[in-house]
Amino acid sequence: MQHKSPCIVQAVLVCDAGVKDPSGKTTLYGIFDTILSKSFPARYPQFAIFWKCIFETKGEMFVALEKPGGDFLVSLDKIVVDESKLGSAEGIYQLVGVEIPHPGQYKVSLFFNNKKVFSVPLTVKQIGEGR
């Protein structure tokens with residue numbers, strides 16, 4: 001017997017901005033996985049996190065930006081997955097003025113029912129470090 005996953009992650013992307021048009025199509029601008037800064041702490045002016053999932057069961061989903069070591073730098077608003085959200089769903093979080101304390105390997109992680117189900121790396125470097 002095959003066990004169904006309660007949340008199938010199709011995409012988690014970091015970008016400069018994202019918009020949804022009236023027909024439901026999402027356009028993402030400036031997808032990236034590395035942030036460069038001259039000094040720390042650094043205040044990143046604006047970026048967006050796009051997520052797309054297939055929800056098989058009801059529950060709660062949220063996205064967090066994790067610091068190296070696993071503590072949350074930012075935890076975004078939870079989304080309640082009820083009957084109306086079962087199946088394919090997506091969203092865009094717009095973040096403004098996030099303070100990044102130091103360089104390192106950060107993660108953008110998606111949680112479903114308080115369990116991490118997916119992560120993508122977000123590398124933060126000080127300008128002048130090797131690539």
Side-chain angles (χ1 to χ4, degrees):
M1 185 167 133
Q2 190 175 22
H3 178 69
K4 278 188 170 183
S5 173
C7 174
I8 300 165
V9 180
Q10 296 179 304
V12 175
L13 298 166
V14 180
C15 57
D16 290 329
V19 294
K20 191 169 240 179
D21 73 17
S23 71
K25 292 181 183 176
T26 300
T27 301
L28 304 177
Y29 299 94
I31 297 169
F32 62 90
D33 63 3
T34 302
I35 292 175
L36 302 174
S37 180
K38 293 178 183 178
S39 62
F40 289 89
R43 186 164 300 278
Y44 205 76
Q46 174 182 317
F47 66 99
I49 297 172
F50 169 79
W51 61 269
K52 182 172 179 128
C53 299
I54 298 172
F55 295 111
E56 300 284 343
T57 62
K58 295 185 270 185
E60 288 187 334
M61 187 280 297
F62 72 96
V63 173
L65 178 56
E66 295 182 85
K67 296 188 282 188
D71 291 336
F72 290 172
L73 179 63
V74 176
S75 177
L76 302 167
D77 292 339
K78 287 186 177 183
I79 294 170
V80 175
V81 178
D82 57 17
E83 291 291 334
S84 70
K85 290 189 179 80
L86 292 181
S88 186
E90 64 183 51
I92 302 169
Y93 290 105
Q94 303 284 348
L95 292 92
V96 177
V98 173
E99 186 173 293
I100 301 170
H102 50 78
Q105 191 67 44
Y106 291 71
K107 291 180 187 173
V108 178
S109 299
L110 191 143
F111 292 78
F112 188 76
N113 290 337
N114 291 318
K115 180 182 176 194
K116 186 188 302 186
V117 294
F118 193 80
S119 289
V120 294
L122 180 62
T123 304
V124 177
K125 293 183 178 181
Q126 188 159 357
I127 292 176
E129 286 185 347
R131 293 187 183 245

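Just so it is clear, the structure is predicted and the values come from calculations on it, not from any experiment.
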- Task: Quick one: closest heavy-atom pair of Glu56 and Leu86, and the distance?
- Result: C-CD2, 4.0 Å
- Query: Out of curiosity, does Phe118 fall in the hydrophobic cluster containing Val81 (side-chain heavy atoms, cut-off under 4.5 Å, transitive links)?
  - Reply: yes
- Measure the CG-CE distance between Leu76 and Met61 for me, rounded to the nearest 0.5 Å. 9.5 Å
- According to a 4.5 Å side-chain heavy-atom criterion applied to Ile, Leu, Val, Met, Phe, Trp and Tyr, with indirect links allowed, do Val120 and Ile8 form part of one hydrophobic cluster? no
- The reported gap from CZ in Phe111 to CD in Glu60 (rounded to nearest 0.5 angstrom) is 13.5 Å
- Message: Please report the interatomic distance CG(Leu28) to NZ(Lys20), rounded to the nearest 0.5 Å.
- Response: 10.5 Å
- Query: Do Pro6 and Lys115 come close enough that some side-chain heavy atom pair is under 4.5 Å?
  - Reply: no
- What is the minimum heavy-atom distance between Ala48 and Gln94, and which atoms define it? CB-OE1, 3.6 Å
- Item | Separation between OH of Tyr106 and CG of Asp33, rounded to the nearest 0.5 Å | 15.0 Å
- Given side chains that start at C-beta, do those of Lys78 and Val80 come closer than 4.5 Å, heavy atoms only? no
- Would you check if the side chain of Gln126 reaches a backbone N or O of Lys38 as a donor-acceptor pair within less than 3.5 Å? yes
- Taking all non-hydrogen atoms of both residues, which atom of Phe112 and which atom of Thr57 are closest, and how far apart? CZ-O, 3.4 Å
- Say you draw a straight line from CD1 of Ile35 to CZ of Phe47; how long is it, rounded to the nearest 0.5 Å? 5.5 Å
- Query: So do the side chains of Val124 and Lys67 get within less than 4.5 Å of each other, counting heavy atoms only?
  - Reply: no
- Query: Any side-chain heavy atom of Asp21 within less than 4.5 Å of one from Thr27?
  - Reply: no
- Item | Shared hydrophobic cluster for Ile49 and Phe62 (ILVMFWY, side-chain gaps under 4.5 Å) | no
- Task: Quick one: closest heavy-atom pair of Cys15 and Gly18, and the distance?
- Result: SG-N, 4.5 Å
- Worked verdict on Leu95 versus Val74 for side chain to side chain contact (heavy atoms under 4.5 Å, CB included): CA-CA 9 Å; Leu95 292 92; Val74 176; 3.9 Å; yes
- Message: Are more than 12 heavy atoms, taken from residues, nucleotides or ligands other than Lys116, located less than 6.0 Å from that residue's NZ atom?
- Response: yes
- Is the number of heavy atoms from other residues, nucleotides or ligands under 6.0 Å of Asp77 CG greater than 12? no
- Task: Spell out, yes or no, whether Ile31 and Leu122 are grouped together once hydrophobic residues are joined by side-chain heavy atoms under 4.5 Å, including indirect joins.
- Result: no
- How many angstroms lie between CG in Leu13 and CH2 in Trp51, if you round to the nearest 0.5 Å? 13.0 Å
- Query: Within a strict 4.5 Å, meaning less than it, do heavy atoms of the Cys7 and Leu110 side chains meet?
  - Reply: yes
- Provide the closest heavy-atom pair for Asn113 versus Gly59 in the form atom of the first, atom of the second, distance. OD1-CA, 3.1 Å
- Item | Joint hydrophobic cluster, Phe55 plus Tyr93, side-chain heavy atoms closer than 4.5 Å | yes
- Query: If you take all heavy atoms of Phe40 and Pro101, which pair is closest and at what distance?
  - Reply: CB-O, 3.5 Å
